[in-house]
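To start, the structure itself, in structure tokens.
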Amino acid sequence: MFGFTKRPLFLIAWKNLKTYPVRIFLTTSSIILGVAVIIASNIFSESNKSAFDNLFSGIYEGVDLVVQPIQEDFAEGFSGDGGQGPISFEVKKIPDEKINEIQNLPSVKAAWGEVLGFAQFIKIVDGETVLISNGFAPTFGAAWDTNSYAQQWSLVEGEPPTNTKEVVMDVVTAENHEFSVGDRVTVLAGATPASFTIVGIAEFANVGAPGGATFALFEFRTAQKLLDSRGEVDLINVVIENNFDINDVKNEITNLDPENLNVINAQEAAAEQADSIKQGLDFFNTILNVFAGIAIFVGAFIIQNTFRILLLQRTKELSLLRALGTSKRQIYRLVISESLFMSVIGSGLGIALGIGLAVAVKEGLQYFEFGLPDGPLVLTTEAAITGLIIGITVTILSSLLPARKASQVSPMEAIRDSVSTPRRKSLFMRLVFGSLISVAGFGMLFGVLYDFLDLPTLSSLQQVGFGAGVIFVGISVITPSITKPFVFLFDKAYNIVFGILGKLATENSKRTPRRTASTASALMIGLTLISLANVITTSFKAQAESLISEVILADYQVSASNVFVSPGIPTGLSEELLELDEVTKLSRTRATVVGYNQRPLILGAVDETVFDLVKTDDISGNRNDFLKKDAIGILKQTAEREELFVGDEVVLTIPEEGERTFTVAYIFDWTTQPPAEFFVLLENNTFFADESLDTELYFNVNKKTPEVEEKINAIVDEYPGVEVRDEDGLVEEANNQIQLLLNVIYGFLSISIFVALFGITNTLSLSVYERTREIGLMRAIGTYRKQIRRMIFIESSIIAIFGAVLGTGLGIFFAWSLIQTLADEGFTVFAVSISQTALWIGISIIAGVIAAILPAIRASRQNILEAISYE
Amino acid sequence: MEKIINSVNLTKIYGEKETSVTALDNITIDFKENQFTAIMGPSGSGKSTLLHCLAGLDRPSSGEIFLRDQDISTLNDKQLTKIRRDSFGFVFQAFNLIPTLTAEENITLPASIAGRKPDMDWVKTVVETVDIGDRLTHRPNELSGGQQQRVAAARAMATKPEVIFADEPSGNLDSKSSKELLAFMKSVVDELNQTIIMVTHDPFAASFAQRVVMLKDGKVASDLNGPTQEEIVSEVTALTNI
Ligand SMILES: Nc1ncnc2c1ncn2[C@@H]1O[C@H](COP(=O)(O)OP(=O)(O)OP(=O)(O)O)[C@@H](O)[C@H]1O
Ligand SMILES: [Mg+2]
């Protein structure tokens with residue numbers, strides 16, 4: 001394949017690689033990992049996108065036009081707000097008659113109504129009710145389409161639902177939770193659970209179940225009743241006759257009732273909706289790519305190190321080539337072509353590993369029921385090519401410097417005996433230069449914190465982040481010059497604990513400060529990010545904890561566990577609780593959407609006791625006035641926004657009630673997440689009495705004992721979809737969410753630690769190689785193999801501690817700066833979890849020792865005679 | 001004088017079948033306690049190989065080696081390592097010292113490895129004998145070649161070993177340093193009752209020894225007791241000319 005006469009060096013390069021598979025593995029390991037992360041993250045986000053594409057095209061499968069109700073500004077304005085509380089409000093729907101009207105148009109082949117709402121399956125496990133859902137994916141209830149043109153759902157098993165007691169379950173839920181045809185299942189829709197028989201298992205269009213959502217499919221009328229759509233549908237699907245133009249039909253249908261009907265092209269709508277979700281996913285993708293970038297960055301460090309090591313080991317071979325008349329340029333090219341071979345192999349393997357990684361991550365997420373849409377994994381050609389290009393480019397770039405160095409090997413080197421360590425430039429210049437950079441970084445960072453420097457065009461957060469980046473670079477430059485003093489710090493301790501082996505190991509780390517530092521730097525990057533994430537989340541947790549205990553005065557809080565499925569708490573619950581002798585004080589909150597100044601706004605109703613159970617701060621007016629008839633209380637922010645003051649009159653449009661006038665009596669701050677913007681007293685306002693649901697309950701008990709808790713739980717358990725939590729429960733819930741996020745971040749960052757391990761392995765291999773004679777001598781004069789291995793492990797632990805301590809220190813400092821910057825946004829607590837910090841430093845040390853296993857074994861097996869013979 | 005170490009039918013063959021080299025051919029030899037023995041012979045005669053086998057650095061292909069009647073040719077690596085550490089001392093031609101340790105640390109290295117406190121009185125005596133007392137805190141690269149070899153000699157003696165093995169200890173030294181080192185080695189045997197087996201091809205070096213063993217083609221060619229330098233030279237000439 002390669003003509004020897006034409007390209008001898010290419011052939012040498014190729015032969016070299018073939019002869020040393022371990023060498024290939026060592027160098028390519030970091031390329032493989034870096035590329036793998038890129039590929040995995042890409043597959044992951046692409047697959048999610050395609051899952052959403054499938055979901056939306058599945059929803060509109062076989063449909064030409066979709067007829068939607070035009071929502072009143074009222075509701076639309078509200079939903080535009082994002083809906084921040086468990087509020088029930090009226091969404092406009094389409095009356096059943098319209099289906100027939102559309103069906104009767106000559107241009108329409110078929111038309112059928114869709115009913116869609118929230119419903120959730122309930123499973124009883126060991127006498128406990130469990131709400132079934134896949135992570136964050138929604139839980140839907142819908143009507144079973146009987147129209148022959150409807151293609152969304154097809155039965156895998158059983159029959160369609162035909163009466164009010166039957167339900168069809170989506171196949172994924174059925175499989176995951178082991179339901180089969182004939183089983184009975186409880187479904188929660190609205191606030192009241194009811195029991196159904198599963199008559200069929202159905203599959204959604206082409207994806208099993210769309211995006212991890214669960215589906216309960218009912219007979220049409222039953223669905224209308226359960227999903228709050230009596231006599232109405234949410235939308236109408238239309239299939240047109242072949243010989244009509246789609247736009248003409250669209251206009252024709254719109255003209256039936258232009259005030260209320262909005263007709264859209266189904267395929268366009270599918271694409272549009274998928275796009276809007278995909279934009280959200282892009283954010284996720286960006287994060288994954290940042291992690292991939294970190295892995296590649298760490299990888300580049302390591303590739304460079306490895307090349308240096310391998311080339312040093314081959315000094316003799318290369319100098320022999322030089323002595324035989326090979327030019328510097330040719331040596332340079334030889335090394336570059338070797339790196340080219342390696343990069344291609346490495347990138348290829350990286351892509352393969354990436355696919356594996358994506359599968360593993362997907363399985364892992366599924367195992368933890370962290371629901372992202374279901375669907376096949378997709379590897380795009382672009383992603384594969386990007387991975388290849390990045391892998392090859394990074395490898396070749398990283399090999400340039402080592403290649404240049406190698407080409408400068410003197411032909412005399414072959415004849416000299418020792419492995420010479422070339423003279424290096426002074427570390428002092430590094431210290432000066434690195435310090436200047438760091439000082440600039442500190443200036444930027446502290447400039448924000450202590451208000452003396454404000455860079456134009458950068459927000460304070462950006463300036464702090466930028467400063468942190470500059471500091472990081474500065475410290476990386478300095479590390480080689482502080483290796484010695486750092487190692488000096490634990491010289492003594494190591495000497496005492498490990499004796500002469502500790503002494504030898506510390507001396508060795510100091511002998512090659514640059515190498516020790518660059519190896520430690522790879523680890524430092526990962527540890528900086530890990531401890532940053534760790535401290536930030538620990539602080540947030542502490543903040544959440546202090547906030548919750550400060551603002552929730554009640555012993556218990558009751559709320560809906562899934563606001564979509566059951567938007568509130570049946571009012572019977574508060575009555576039952578009040579019947580308990582132990583319950584001393586209870587406050588209900590209810591809410592409804594009202595109109596104010598042509599805009600929707602949430603009006604809340606509370607009991608007087610609420611002020612004892614939730615912390616509220618007086619701003620103006622007073623609580624006693626709030627208790628009067630026609631008095632209204634307003635949240636501080638709302639009052640400021642609407643420019644309302646105590647004594648002003650407020651006119652609200654209340655559904656089914658009309659306009660009512662209130663007087664502003666009290667302006668206050670609701671210190672937790674407020675359930676509404678305007679507040680009235682529940683007992684003063686009869687229109688609230690019709691609401692069948694409370695949004696939240698707060699109550700106190702005379703004594704918090706397990707017996708009381710049991711009584712409370714017994715009552716609450718009767719109401720599926722409703723949760724009772726005490727302060728610890730609230731804190732725990734907040735903490736769980738933060739911890740989940742942190743674990744995902746940890747997962748990705750540990751990849752960078754993993755990559756850094758290969759760097760440690762390489763460095764130690766080099767160190768062992770350079771000390772062949774030394775180690776041989778030690779063995780000759782009576783050092784056990786075990787002791788040689790221990791010495792290498794100790795050396796590795798020094799590198800690991802160096803990287804871990806520097807990284808952890810930087811991470812904690814950056815986290816502190818970040819929290820200081822966010823002080824204005826209300827982040828005031830800075831907390832470092834000692835145990836987590838110690839844990840990660842411990843993990844780094846263990847990882848370092850693991851990385852040292854191979855070099856240590858090699859060192860201990862060194863042939864003594866080869867090492868000491870003088871030739 | 002008691003024999004301290006001896007070999008019985010010691011054979012060492014390097015390599016496989018056709019390309020094999022017999023470095024040691026059925027050697028049976030005793031070495032006496034408190035004696036300075038030199039091993040000589042032409043290049044490739046098997047001097048180093050013999051030394052390595054006796055010192056437990058290499059394994060014989062056949063035959064036995066006894067250290068005070070204990071067969072050490074059958075020991076495993078760990079047991080051999082312990083013997084090297086506690087019973088033997090070594091001086092090689094070069095690379096004798098660990099570059100990151102000071103002279104003193106190098107001298108006490110075998111004791112440190114064993115996790116023992118070195119016998120400081122003895123170490124002091126040894127250090128005085130080899131005359132490097134003022135260089136103890138220096139690293140090897142701050143010492144001359146001769147000083148390095150003397151530090152190595154001090155290390156070899158520091159654990160009061162049964163036998164000190166030296167392979168061309170003066171091979172890299174100028175004649176003055178060489179003479180000093182050899183004089184020290186001789187005085188160690190005479191005054192501190194040590195036993196030294198030294199490989200050399202230099203008749204002058206060998207003249208410091210009480211016994212000179214000549215090797216040729218892996219066999220003992222002659223065994224001289226207390227020879228003068230002239231006798232050694234003529235024996236070497238005779239051997240090379242055959
Ligand atoms: N590791 C080895 N593999 C193969 N042959 C070897 C090996 N070591 C030594 N030999 C051979 O064994 C024979 C004896 O070698 P040895 O090193 O003992 O000689 P020497 O007497 O020490 O020579 P010199 O004076 O040159 O050091 C030589 O022929 C040598 O080539
Ligand atoms: Mg020799």
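Note on naming: letters A, B, ... go to the chains in the order of the sequence lines (proteins, then strands), and numbering restarts at 1 for each one.
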Chain A contact via E105(B) - side chain, backbone, both or neither, heavy atoms under 4.5 Å: side chain
Stepwise side-chain contact (heavy atoms from CB on, under 4.5 Å) check, K82(B) with Y784(A): CA-CA 8 Å; K82(B) 187 171 180 328; Y784(A) 292 128; 3.4 Å; yes
Segment of I113(B) engaging chain A (4.5 angstrom heavy-atom cut-off): both
From E507(A) atom CD to T102(B) atom OG1, the distance as rounded to the nearest 0.5 Å: 9.0 Å
Residue part contacting chain B, namely of K510(A), when any heavy atom lies under 4.5 Å: neither
Reported CD1-to-OG1 distance for the pair I98(B) and T783(A), which is rounded to 0.5 angstrom: 7.5 Å
Approximate separation, where rounding is to 0.5 Å, of N863(A) CG and D58(B) CG: 8.0 Å
Over 12 foreign heavy atoms within 6.0 Å of NE2, H138(B): yes
Crowding at OH, Y14(B) (>12 non-hydrogen neighbours, <6.0 Å): yes
Verdict with reasoning, K78(B) to R785(A), per side-chain contact (heavy atoms from CB on, under 4.5 Å): CA-CA 8 Å; K78(B) 196 173 167 191; R785(A) 289 195 165 141; over 6 Å; no
Least distance between heavy atoms, I781(A) atom then P110(B) atom: CD1-CG, 4.3 Å
Among D167(B), N96(B), T108(B), residue most engaged with chain A (heavy-atom pairs, under 4.5 Å): N96(B)
Heavy atoms of other groups near R861(A) CZ, more than 12 under 6.0 Å: no
Nearest-0.5 Å distance that lies between atom CG in L101(B) and atom CG in L504(A): 4.5 Å
L777(A), part contacting chain B, at a heavy-atom distance under 4.5 Å: side chain
Least distance between heavy atoms, P99(B) atom then R511(A) atom: CG-NH1, 3.4 Å
R779(A) versus chain B, the contacting section by heavy-atom distance below 4.5 Å: both
Residues, nucleotides or ligands: over 12 heavy atoms within 6.0 Å of R59(B) CZ: yes
Residue part contacting chain A, namely of D77(B), when any heavy atom lies under 4.5 Å: side chain
Which atoms of F90(B) approach chain A - backbone, side chain, both or neither, heavy atom under 4.5 Å: side chain
Residue part contacting chain A, namely of L80(B), when any heavy atom lies under 4.5 Å: neither
Chi angles and distances behind the side-chain contact (heavy atoms from CB on, under 4.5 Å) call for R84(B), I864(A): CA-CA 12 Å; R84(B) 288 201 304 270; I864(A) 303 177; 3.4 Å; yes
Contacting moiety of Q787(A), where chain B heavy atoms sit under 4.5 Å: side chain
